[in-house]
There are 2 protein chains.
Amino acid sequence: MKVTKHCETPQAGPMSRGSENSTETEQPCPIEYILDRISSKWSFLILRELLIDNRRTHELQEALPISTKTLTIRLRELEKYGMIERKVYPEIPPRVEYSLTPRGRNIKPVIDALQQAGEAWLSDEQVVGDS
Amino acid sequence: MKVTKHCETPQAGPMSRGSENSTETEQPCPIEYILDRISSKWSFLILRELLIDNRRTHELQEALPISTKTLTIRLRELEKYGMIERKVYPEIPPRVEYSLTPRGRNIKPVIDALQQAGEAWLSDEQVVGDS
DNA sequence: CGGCATCCTTGAAGATACTG
DNA sequence: CAGTATCTTCAAGGATGCCG
């Protein structure tokens, strides 16, 4: 779906906030903006793989329990949004390699944060023990 | 869907890695684990609202363009996973307030990272100008 | 006010077979 | 090997109406 307004820049970093919204007219919420592009679990996991190293198609398929169709769709989407790059080597058999663009690498902090939050969750899961 | 294996603890922090996986038998990937719980865009946005401050139901509805049905579903889910707390004040008219639990507050770094990544994206969007 | 219940639309994903 | 095409299933979400 599409959201348009709200989001008053939540915890608004330490700086900024000085001259109100002067040049920026109707900036959408950054969080929403990014979630509208990579809200799929697979997008995150694909990006995580590529953060480790470049990958060929079948390597991604082996790393993730994803169908070829969905994988292709997600890859095309990430490519379209300029997060990954698709490089085709005209060989036989075909060889395709995916890598992160600078913009793609920008989500590393997000992946890292997810990693840590997940670890924290898992460790207190063993103590508290909920579902 | 359900994933079960893979994830070799990606960029595995600086330390650890010493005694292999001794006590941990089949730990799922933390990232997957957490994404299986809050992969919905709405979950993130609800958590973001509650990170700012506690909220009543109608406040969340006003802040987010979400249907009452979906909002309730997401709230129940977050509650079930122990990320938020639901407090009912037996008044007339009814009054319900949602707040974050410690576990819920754990995802603040994730939200912050999303915020920054989104801002970076939006700012180079204006320069490069892709869809 | 908070939130079910119902109906309906969409999209995400899997499985499978097939092509260059 | 990489990717497309087709068919199917299922969950997410919206809209609306009703209730305590």
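So you know, we letter chains A, B, ... as the sequences are listed, proteins then strands, and number each from 1.
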Side-chain N or O of [X] versus OP1/OP2 of [N]: is the shortest distance under 4.0 Å?
X	N	answer
B:W42	D:dG13	yes
B:S67	D:dA12	no
B:R56	C:dG3	no
B:R86	C:dG2	no
A:S40	C:dG11	no
B:T57	C:dC1	no

Problem set entry | Donor-acceptor under 3.5 Å (B:T70 side chain, B:S67 main chain) | no
Exercise. Hey, is the main chain of B:R56 close enough, under 3.5 Å, to the side chain of B:E59 for a donor-acceptor pair?
Worked result: yes
For this session: Select base, sugar-phosphate, or nothing to describe what A:Y98 touches, counting heavy atoms under 4.0 Å on all strands.
Result: sugar-phosphate
Nearest whole Å is fine: how far is [N] [atom2] from [X] [atom1]?
X	N	atom1	atom2	result
A:L75	C:dA13	CG	P	12 Å
A:K69	D:dC1	NZ	P	22 Å
A:E62	D:dA2	CD	P	9 Å
A:R74	D:dT4	CZ	C1'	16 Å
A:I66	D:dG3	CD1	P	13 Å
A:I46	C:dA12	CD1	P	13 Å
B:R76	D:dA11	CZ	P	20 Å
A:E79	D:dA2	CD	C1'	14 Å

Problem set entry | Separation of B:L51 CG from B:I111 CD1 (nearest 0.5 Å) |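 Result: 6.0 Å between the selected atoms.
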Exercise. Would B:R86 and B:E79 satisfy salt bridge (charged side-chain N to carboxylate O under 4.0 Å, His left out), going step by step from the backbone distance to the final call?
Worked result: CA-CA 7 Å; B:R86 178 170 179 265; B:E79 188 188 7; 5.1 Å; no
For this session: Start with the C-alpha gap between B:K80 and B:E77, add the side-chain angles, then the distance that decides, and say whether salt bridge (charged side-chain N to carboxylate O under 4.0 Å, His left out) holds.
Result: CA-CA 5 Å; B:K80 165 182 146 197; B:E77 187 182 68; 5.9 Å; no
For this session: Give the nucleotide from the list C:dA13, C:dG2, D:dA2 with an atom nearest to the side chain of A:H58.
Result: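 Taking heavy atoms from C-beta onward, the closest nucleotide is D:dA2.
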Exercise. Has the side chain of A:T68 got a donor or acceptor that lies under 3.5 Å from a partner of the other kind on the base of D:dT4?
Worked result: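 Answer yes: a donor N or O sits under 3.5 Å from an acceptor.
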